[in-house]
Visitor: 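There's a structure below that I have some questions on.
These figures come from a predicted structure and were not determined experimentally. These values consider heavy atoms only, across backbone and side chains, with no hydrogens, waters or symmetry-generated copies. Atoms within each ligand, like the ligands themselves, are counted from 1 in listed order.
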Amino acid sequence: MNFPVKITEDSLVARAARVAEIAARHADAVDIEGRFPQEAVNAMKAERLLGIQIPRHLGGEAASTTDIAELCSMLGQACAASAMVFAMHQIKLSSLVEHGVDGEWHCAFMRRIVAEQLLIASATTEGGIGGNLRNSICAIEIDGDICRLEKDATVISYGSHADAILITSRSHPQAASSDQVLTAFLKDQYTIEKTHVWNTLGMRGTCSDGFLFKGEAPAVQILPKPFAEIAAQSMLASSHLLWSGVWYGIAVDAVSRAQAFVRAAARKSPDATPPGALRLAEVSNLLQMVKSNVVAGLKAYEDAKADGDKLSSMGFAVAMNNVKIASSETILEIVNHTMLICGIMGYKNGTPFSLGRHLRDAHSAQLMISNDRILGNTSSMLLVHKQDTSLLG
Ligand SMILES: Cc1cc2nc3c(=O)[nH]c(=O)nc-3n(C[C@H](O)[C@H](O)[C@H](O)COP(=O)(O)OP(=O)(O)OC[C@H]3O[C@@H](n4cnc5c(N)ncnc54)[C@H](O)[C@@H]3O)c2cc1C
């Protein structure tokens, strides 16, 4: 990992640990009430974690994707909804950091994000298109210096709590559905009217309600690069990696609970191996596989970052898709395994070994951009892409 060797009081890890402590304290209430994790987000702001990815010359701390993935995992071990809010905010920042540093408006926006600890949401999903990120129905209209957009945004996590939204659309009303742009709208430049209430199985605290979005802003707020490039070069990789960081965190906490359960059983009967011990060894193997997968994905992204051709290559896209598929599927297997270890104490709510929240949160991973859609995308690339056969990365 990319952290300073010494964990000082103001290192990223120490600051995230303080946030995680607060997030863990409220995790069950956030889940049961399906409410925004306000305490955890306040703590993120107090620890100034919302601007860490932004370059130093714009006031940030230039944290790497690897640094941020570790924080996502730490928060994921405490409260998956808080961790996912943090991850989604950082995914939006990655688009600004990688593609907005040449624009005066976007640089000033990044300075404001650091100074005011603004929380940024994402609106890519659209009624009639679903999770097909690389297509839009809605189109931005440019009228002189002003742009206007109306979108049936069926899922915007923490939409009611965000200070700004980055939103996709077609680049003009005659554009093809895949000719898209990404625009930043500030809170006082849009209205959102709730169309769907987020009452879900898991990830309840992300408050990912649906909204009819209507915005009007200066046209300079449209990111200058086509969304196709933004998606390929920063958004897809950072989404798959930071989401995987959160999911790994859910799995780590589930395995910790199972380990505590087995240890308690071993203490009770020191002469007999607890029945769950073998399963614990099996699940630790699965957890290590997820970790290796995410770590390798992070390394591939950090290595490719300096090389635009590599970032846009099929090999890189296949690798990132595979990180997402493997981590989203394996965490379900892991949490299920930990449930078998803890038995009824894991199934019940309110015990030190409860795993219901973990299981429900983990189920969102396969749907967060449907694995079927991602596999379909990978399978098309594999028709022409030469298989990666090397262990050297
Ligand atoms: C916790 C959480 C937070 C989210 N936050 C946001 C947010 O902040 N902003 C945002 O914009 N979105 C957000 N989303 C939406 C998310 O990222 C997905 O885009 C969305 O959930 C997909 O919805 P869907 O399953 O209806 O759509 P689809 O992807 O359209 O899938 C519908 C069904 O069709 C099948 N299918 C679709 N395409 C294919 C294909 N090519 N091949 C085979 N089968 C296919 C799938 O298996 C699926 O069963 C969030 C989702 C979750 C779970």
Side-chain angles (χ1 to χ4, degrees), residues 30-31 34 36-37 72 75-76 79-95 119-138 149 151-169 177-178 180 182-183 185 192 194-213 227 230-231 235-236 238-240 242-247 249-250 321 324-325 328-329 331-332 357-358 360-382:
V30 161
D31 173 54
F36 183 66
C72 289
L75 295 172
C79 167
S82 305
M84 192 49 88
V85 171
F86 180 72
M88 287 191 279
H89 165 83
Q90 295 293 346
I91 291 160
K92 291 298 102 188
L93 285 201
S94 75
S95 298
L119 181 66
I120 318 299
S122 167
T124 57
T125 307
E126 183 174 9
I129 286 216
N132 190 356
L133 179 85
R134 288 288 293 102
N135 282 273
S136 291
I137 295 173
C138 67
L149 178 63
K151 178 166 182 167
D152 175 16
T154 44
V155 194
I156 308 182
S157 290
Y158 54 93
S160 306
H161 303 269
D163 299 303
I165 298 179
L166 289 194
I167 186 163
T168 50
S169 65
S177 64
S178 61
Q180 295 164 289
L182 183 66
T183 308
F185 284 91
I192 45 174
K194 205 176 280 188
T195 50
H196 305 272
V197 173
W198 183 253
N199 180 7
T200 47
L201 183 70
M203 284 293 184
R204 294 170 55 77
T206 60
C207 297
S208 311
D209 299 315
F211 298 96
L212 178 63
F213 173 98
F227 180 65
I230 297 174
M235 196 178 142
L236 282 180
S238 58
S239 301
H240 292 343
L242 297 186
W243 290 346
S244 292
V246 174
W247 301 331
I250 297 173
N321 282 356
K324 196 272 177 175
I325 297 287
S328 61
E329 287 182 355
I331 61 154
L332 276 174
R357 173 164 53 82
H358 301 66
R360 289 183 289 101
D361 288 343
H363 266 285
S364 67
Q366 299 185 98
L367 318 178
M368 214 167 162
I369 306 223
S370 154
N371 279 8
D372 286 351
R373 199 181 272 289
I374 293 175
L375 286 170
N377 175 267
T378 301
S379 62
S380 315
M381 290 191 279
L382 288 177

Visitor: Looking at side-chain heavy atoms only, is the closest gap between Thr168 and Leu133 below 4.5 Å?
Guide: no
Visitor: Any side-chain heavy atom of Gln90 sitting closer than 4.5 Å to one from Leu93?
Guide: yes
Visitor: Table please: side-chain donor-acceptor pairs of residues 122-130 below 3.5 Å, with sequence neighbours left out.
Guide:
from: Ser122; atom 1: OG; to: Lys92; atom 2: NZ; distance (Å): 3.4
from: Glu126; atom 1: OE1; to: Ile137; atom 2: N; distance (Å): 2.9
from: Glu126; atom 1: OE2; to: Cys138; atom 2: N; distance (Å): 2.8

Visitor: Counting non-hydrogen protein atoms only, what is the nearest one to atom 15 (C) of ligand 1? Give residue, atom name and distance.
Guide: Thr125 OG1, 3.3 Å
Visitor: Below 3.5 angstrom, do we get any N/O pair linking Ser370 and ligand 1?
Guide: yes
Visitor: Ligand 1 versus Ser208, non-hydrogen atoms closer than 4.0 Å: side chain, backbone, both, neither?
Guide: side chain
Visitor: Which pairs with one or both residues in residues 361-375 pass salt bridge (charged side-chain N to carboxylate O under 4.0 Å, His left out), sequence neighbours excluded?
Guide: none
Visitor: Could you check whether atom 26 (O) of ligand 1 has a protein contact, counting only heavy atoms that fall below 4.0 angstrom?
Guide: no
Visitor: Quick check: does Trp198 get an N/O under 3.5 Å from an N/O on ligand 1?
Guide: no
Visitor: Would you say Met84 contacts ligand 1, with heavy atoms under 4.0 Å as the rule?
Guide: no
Visitor: Restricting to non-hydrogen atoms, name the atom on Asn135 and the atom on Ser177 that form the minimum distance, rounded to 0.1 Å.
Guide: OD1-OG, 2.6 Å
Visitor: Would you indicate whether the side-chain heavy atoms of Ile325 and Thr378 approach each other to under 4.5 Å?
Guide: no
Visitor: In terms of atom number and element, which parts of ligand 1 are under 4.0 angstrom from non-hydrogen atoms of Gly131?
Guide: 19 (O), 22 (C), 27 (O), 28 (P), 29 (O), 30 (O)
Visitor: What protein heavy atom lies closest to atom 51 (C) of ligand 1? Include the residue and the distance to one decimal.
Guide: Met368 CG, 3.7 Å
Visitor: For Ser94 and Ser238, work out which heavy atoms get closest and say how close.
Guide: OG-OG, 3.0 Å
Visitor: Give the atom numbers and elements of ligand 1 that come within less than 4.0 Å of a heavy atom of Met88.
Guide: 5 (N), 8 (O)
Visitor: Determine whether any heavy atom of Ser122 lies closer than 4.0 Å to an atom of ligand 1.
Guide: yes
Visitor: Nearest to atom 50 (C) of ligand 1, what protein heavy atom do you find, and at what distance?
Guide: Val155 CG1, 3.7 Å
Visitor: So between Ser157, Ala153, Gly210, whose heavy atom ends up nearest atom 6 (C) of ligand 1?
Guide: Ser157
Visitor: Any non-hydrogen side-chain atom of Met368 less than 4.5 Å from a side-chain atom of Met84?
Guide: yes
Visitor: Taking the side chain as every heavy atom from C-beta outward, state whether Leu149 and Thr183 have any pair of such atoms under 4.5 Å apart.
Guide: no
Visitor: Any non-hydrogen atom of Leu367 lying under 4.0 Å from ligand 1?
Guide: yes
Visitor: For atom 12 (N) of ligand 1, is some protein heavy-atom partner under 4.0 Å away?
Guide: yes
Visitor: Show me which atoms of ligand 1 lie under 4.0 Å from any heavy atom of Ala123.
Guide: 11 (O)
Visitor: Do protein heavy atoms approach atom 1 (C) of ligand 1 to less than 4.0 Å?
Guide: yes
Visitor: With respect to Ile156, determine whether any N or O atom, backbone or side chain, lies less than 3.5 Å from an N or O atom of ligand 1.
Guide: no
Visitor: Could you check if a side-chain atom of Trp243 sits within less than 4.5 angstrom of a side-chain atom of Ser328, using non-hydrogen atoms only?
Guide: no
Visitor: Could you tell me whether some N/O pair between Trp243 and ligand 1 is separated by less than 3.5 angstrom?
Guide: no
Visitor: Please confirm whether Ser364 comes within less than 3.5 Å of ligand 1 when only nitrogen or oxygen atoms on both sides are compared.
Guide: no
Visitor: What's the separation between atom CE in Met203 and atom CH2 in Trp198, rounded to the nearest 0.5 Å?
Guide: 9.0 Å
Visitor: Return the closest protein heavy atom for atom 45 (C) of ligand 1 as residue, atom name and distance.
Guide: Asp372 CB, 4.0 Å
Visitor: Record the part of Arg373 in heavy-atom contact with ligand 1 below 4.0 Å; permitted values are side chain, backbone, both and neither.
Guide: both
Visitor: Judged on heavy-atom distance to atom 18 (C) of ligand 1, which of Ile369, Asp209, Thr124, Ile374 sits nearest?
Guide: Ile369
Visitor: Looking at side-chain heavy atoms only, is the closest gap between His363 and Leu332 below 4.5 Å?
Guide: yes
Visitor: Any non-hydrogen protein atom below 4.0 Å of atom 33 (C) of ligand 1?
Guide: no
Visitor: Could you tell me how the ring of Phe213 sits relative to the ring of Phe185: parallel (under 30°), tilted (30 to 60°) or perpendicular (over 60°)?
Guide: perpendicular
Visitor: Quick one: are Thr200 and Arg360 in side-chain contact, heavy atoms under 4.5 Å?
Guide: no
